[in-house]
Amino acid sequence: MEMKTIETDNNKKYCRKCLLREMDKEAYIDNLYNYIQRLDNDIKADQALYEERLSVCKTCDYLEAGICRACGCFVELRAVIQNNMCSYRKW
């Protein structure tokens with residue numbers, strides 16, 4: 001199945017009804033980062049905290065291809081939310 005796109009103001013927005021397995025890799029990554037960018041600033045961690053969290057995750061044995069094998073989260077998505085915590089209390 002090919003992923004549908006909706007064109008609005010020269011920005012591609014990906015169909016919200018697509019499953020991850022239906023997206024190509026580039027669209028999947030774009031969709032994740034676009035979601036992070038659209039989050040309200042009042043719930044996002046500041047850039048320094050976000051980078052610190054990702055730095056901890058990069059040294060963790062549970063990290064594999066952007067996903068925490070221990071809890072199943074997308075580490076970049078978990079780390080960007082200010083009130084989120086690592087399931088294993090690493091941050």
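Remember, predicted model here, so these are calculated numbers, not experimental data.
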Mind listing the side-chain donor-acceptor pairs of residues 43-52 below 3.5 Å, one per line with the distance, residues two or more places apart or on another chain?
{"unit_1": "Lys44", "atom_1": "NZ", "unit_2": "Ile36", "atom_2": "O", "d": "3.3"}
{"unit_1": "Asp46", "atom_1": "OD1", "unit_2": "Ala48", "atom_2": "N", "d": "3.1"}
{"unit_1": "Asp46", "atom_1": "OD1", "unit_2": "Leu49", "atom_2": "N", "d": "2.8"}
{"unit_1": "Gln47", "atom_1": "NE2", "unit_2": "Glu51", "atom_2": "OE2", "d": "2.7"}

Ignoring hydrogens and angles, write down the donor-acceptor pairs under 3.5 Å from the side chains of residues 54-67, residues two or more places apart or on other chains.
{"unit_1": "Thr59", "atom_1": "OG1", "unit_2": "Val56", "atom_2": "O", "d": "2.8"}
{"unit_1": "Glu64", "atom_1": "OE1", "unit_2": "Arg69", "atom_2": "NE", "d": "3.4"}

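Under a hydrophobic-cluster definition in which Ile, Leu, Val, Met, Phe, Trp and Tyr are linked whenever side-chain heavy atoms come within less than 4.5 Å, directly or via other members, Tyr35 and Val80 are assigned to the same cluster.
To the nearest 0.5 angstrom, Leu32 atom CG is 8.0 Å from Ile29 atom CD1. Rounding to the nearest 0.5 angstrom, the gap separating the CG atom in Leu39 from the CD atom in Gln82 is 12.0 Å.
Scanning both residues, Arg78 and Asn84, for their nearest heavy atoms gives O-ND2, 3.1 Å.
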